[in-house]
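Worksheet for the structure shown next.
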Amino acid sequence: MTTVTVTLPPGPTAPRAVQGAYALTQPLRGMRRLKQKYGDAFTVNVPIFGNAVVISDPAEIKQLFTSGPDLVDNLEVNLGRVLGPRSMFALSGEEHRRQRKLLVPPFHGRRLAAYEKIVEEETLRELASWPENKGFATLPSMMRITLNAILRAVFGAEGAEFAELRELLPPFVTLGSRLAVLPIGKKGRFNPWRRFERMRREYDAIVDRLIAKARAEERDDVLSMMLRTRYDDGSGLTREEIGDQLLTLLTAGHETTATTLAWAVERLRRHPALLRELQDDDGKLLDATILEVQRTRPVIDLTARQVKQDGYRLGRWTLPKGYAVLVSIALVHDDDTVFPHAATFDPHRFAGARPDLYQWIPFGGGTRRCLGAAFATMEMTVVLRTLLRDFTLVPTEEPGERWHSRGVAYAPAKGGRAVVRRRSTTGGEQ
């Protein structure tokens, strides 16, 4: 029998509960302090993840993302706790590959062009209610835009079920985001999981009605495509698979995008020269601005894998089976050796160049990269393009908004506050 010599990076030695409390109360600041003390890789022991190695070196990130599922794969404890056991976040290995292959087509290529009109319509509807010359938080507006857009893309047309989902999903997503990061079991009379499970039953009942309608009509929305799609053996998605995947699309497909849009408003108001440049932009600078917002304000900080084979070699380290590997997105995005003058918000760094997807990783990477990345990018582009066309964002000299944890995502603490003036149809301001 061959003995594997484990080589782990250094890290704190405090008990798991103490490290967990630190991670919950000082998530981003704590990561930066640990990097300053231990280097670009360190070992932690925290609730939910257990024993884990945190990495932020692009070469090691690339190796992790390109390793096969026999070496590293999905975490045993994952977002399937919230989104369901058949969601993409819960699946591993060949089962993950099979479902991903089925779900990629609705969110790429020509389909995206069809969704652009939906996003612009929802943006215009929301912007019509914006007050002029008065400060307000944009995050609630961005949440409504992205929720309505993904609902229409997934289900095609509006109806009674839409109204029910619009009411149900925001508190459902908020509660799920918090439960996903808290080490709370599902037992107990007054456990928050009981409320979450009641909401999940409401969601399932609505989806059942929507599936029945989609089967009875000839439509071209995502749900209808999912009902028609087939695995290689000719079988279709089960009711459970459809329910969990739709929940994944509806939750992951609106909160993170909305939060990034709120951060974009927050960043743009503090960079008036960039705002002026964007008025005469052909689209390239806006594309670069979205990339830079995601670099400097990633709304998700961690993407993770679990070691499936004892003695997995990851760069300088040899890891035992069962260890989690956590990629800190903020640490690699903040690294001056990766992005010169990383603390400076400068979209021009991406002008004429696409980012390296092992360095710029707001959507994760490898075979588990966010399925809706192209949809989210299209959505952010349409919303910001429409906003900057129809409104002037009034600059501010106020300090940048602090990071606020919403559970899974990090949002601007004041909701991406804005002051706006409506532009006239002749190009000037009213």
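Remember, predicted model here, so these are calculated numbers, not experimental data.
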- Candidate pair F350 and W360, rule side chain to side chain contact (heavy atoms under 4.5 Å, CB included), full reasoning: CA-CA 11 Å; F350 292 117; W360 180 89; 3.9 Å; yes

- Query: Can you tell me how far the CD1 atom of I145 sits from the CD atom of E122, to the nearest 0.5 Å?
  - Reply: 8.0 Å

- Query: Would you say D40 and L331 make side-chain contact, with heavy atoms under 4.5 Å?
  - Reply: no

- Item | Check against side chain to side chain contact (heavy atoms under 4.5 Å, CB included), V82 and L175 | CA-CA 9 Å; V82 171; L175 179 58; over 6 Å; no

- Note on the structure: Correct closest heavy-atom pair for R32 and A330 would be NH2-CB, 4.3 Å

- Task: Please confirm whether the backbone N or O of H333 pairs with a side-chain atom of R295, one donor and one acceptor, at under 3.5 Å?
- Result: yes

- Query: If you round to the nearest 0.5 Å, how far is CZ of F162 from CG of L210?
  - Reply: 7.5 Å

- Could you tell me whether the side chain of K321 and the main chain of Y312 form a donor-acceptor pair under 3.5 Å? no

- Message: For a quick test of reading the model, state the closest non-hydrogen atom pair linking N74 to K308 and the distance between them.
- Response: O-NZ, 3.2 Å

- Passing option when M31 is tested against D301, V44, I329 for side chain to side chain contact (heavy atoms under 4.5 Å, CB included): D301

- By ring-ring contact (aromatic ring centres under 6.0 Å, His included), which residues pair with F345, not counting sequence neighbours? H271

- Just how far is it from atom OG1 of T248 to atom CD of Q245, taken to the nearest 0.5 Å? 5.0 Å

- Task: Return yes if some donor-acceptor pair links the side-chain N/O of T138 with the main-chain N/O of G416 below 3.5 Å, else return no.
- Result: yes

- Task: Please step through side chain to side chain contact (heavy atoms under 4.5 Å, CB included) for the pair Y231 and K101, ending with a clear verdict.
- Result: CA-CA 9 Å; Y231 291 114; K101 182 180 178 181; over 6 Å; no

- Item | salt bridge (charged side-chain N to carboxylate O under 4.0 Å, His left out) between R200 and E197, intermediate numbers included | CA-CA 5 Å; R200 174 63 199 244; E197 287 164 358; over 6 Å; no

- Query: Do other residues, nucleotides or ligands put more than 12 heavy atoms under 6.0 Å from R29 CZ?
  - Reply: no

- Scan for salt bridge (charged side-chain N to carboxylate O under 4.0 Å, His left out) pairs involving residues 339-366, sequence neighbours excluded, and state none if there are none. E292-R349

- Is it true that atom CZ of R402 has more than 12 heavy atoms of other residues, nucleotides or ligands lying nearer than 6.0 Å? no

- Item | Salt bridge flag under 4.0 Å for residues D232 and R98 | no

- Query: Between R144 and E126, is there a side-chain N and carboxylate O pair less than 4.0 Å apart?
  - Reply: yes

- Query: Sub-3.5 Å donor-acceptor pair from the side chain of E401 to the main-chain atoms of R417, do we have one?
  - Reply: yes

- Return yes if some donor-acceptor pair links the side-chain N/O of T229 with the main-chain N/O of M225 below 3.5 Å, else return no. no

- Can you find a pair of side-chain heavy atoms, one from F65 and one from R305, that are under 4.5 Å apart? yes

- Query: Taking the side chain as C-beta and beyond, is there a heavy-atom pair between V307 and P320 under 4.5 Å?
  - Reply: no

- Message: Considering only residues two or more places apart or on different chains, which pairs with a residue in residues 256-265 satisfy salt bridge (charged side-chain N to carboxylate O under 4.0 Å, His left out)?
- Response: none

- Test item: R86 side-chain N/O and L83 main-chain N/O as donor-acceptor pair under 3.5 Å: no

- Is there side-chain contact between L285 and H348, with at least one heavy-atom pair below 4.5 Å? yes

- Item | Main-chain N/O of G315 paired with Q63 side-chain donor or acceptor, under 3.5 Å | yes

- Task: Determine, for R316 against E60, whether the closest basic-nitrogen to carboxylate-oxygen distance falls under 4.0 angstrom.
- Result: yes

- Query: What pairs with Q309 under side chain to side chain donor-acceptor pair (under 3.5 Å), at least two apart in sequence or on another chain?
  - Reply: none

- Closest heavy-atom pair and its distance - A342, D334: CB-O, 3.4 Å

- What heavy-atom pair brings M199 and P171 nearest, and what distance separates the two atoms? CE-C, 3.6 Å

- Message: For R368, is there an ion pair with D73 - N to carboxylate O distance below 4.0 angstrom?
- Response: yes

- Passes salt bridge (charged side-chain N to carboxylate O under 4.0 Å, His left out), R385 versus D281? Steps please. CA-CA 10 Å; R385 184 178 66 210; D281 180 38; over 6 Å; no

- Non-neighbouring partners of R195 that pass side chain to side chain donor-acceptor pair (under 3.5 Å), sequence neighbours left out: none

- Basic-acidic side-chain contact under 4.0 Å: R270, E266: yes

- Considering all heavy atoms of both residues, which atom of Y203 and which atom of G243 are nearest to each other, and what is their separation? OH-O, 2.7 Å

- Query: Is any side-chain heavy atom of T367 less than 4.5 Å from a side-chain heavy atom of R97?
  - Reply: no

- Item | Min side-chain heavy-atom separation L278-L274 under 4.5 Å | yes

- Query: In Å and rounded to the nearest 0.5 Å, what is the CE to OG1 distance from M380 to T289?
  - Reply: 12.0 Å

- Item | side chain to side chain contact (heavy atoms under 4.5 Å, CB included) partner of L319, the single match among D310, V72, L8, V6 | L8

- If you take all heavy atoms of T337 and D335, which pair is closest and at what distance? OG1-OD1, 2.7 Å

- Do the side chains of T259 and M143 get nearer than 4.5 Å, heavy atoms only? yes

- Message: Can a donor-acceptor pair be found, under 3.5 Å and without considering hydrogens, that links the side chain of Y358 to the backbone of G365?
- Response: no

- Task: Tell me, please, which residues at least two apart from Y115 pass side chain to side chain donor-acceptor pair (under 3.5 Å).
- Result: R111

- Any side-chain heavy atom of P12 within less than 4.5 Å of one from Y38? yes

- When rounded to the nearest 0.5 Å, the distance separating OG1 of T386 from CD of E116 is 9.5 Å

- Exam field: side chain Q306 to backbone A324, donor-acceptor pair closer than 3.5 Å: no

- Task: Starting from the C-alpha separation in whole Å, work towards a yes-or-no answer on side chain to side chain contact (heavy atoms under 4.5 Å, CB included) for L151 and L250.
- Result: CA-CA 7 Å; L151 282 172; L250 294 172; 3.7 Å; yes

- Query: Side chain of Q359, backbone of P58: donor and acceptor closer than 3.5 Å?
  - Reply: no

- Can you tell me how far the CG atom of L387 sits from the OG1 atom of T123, to the nearest 0.5 Å? 9.0 Å

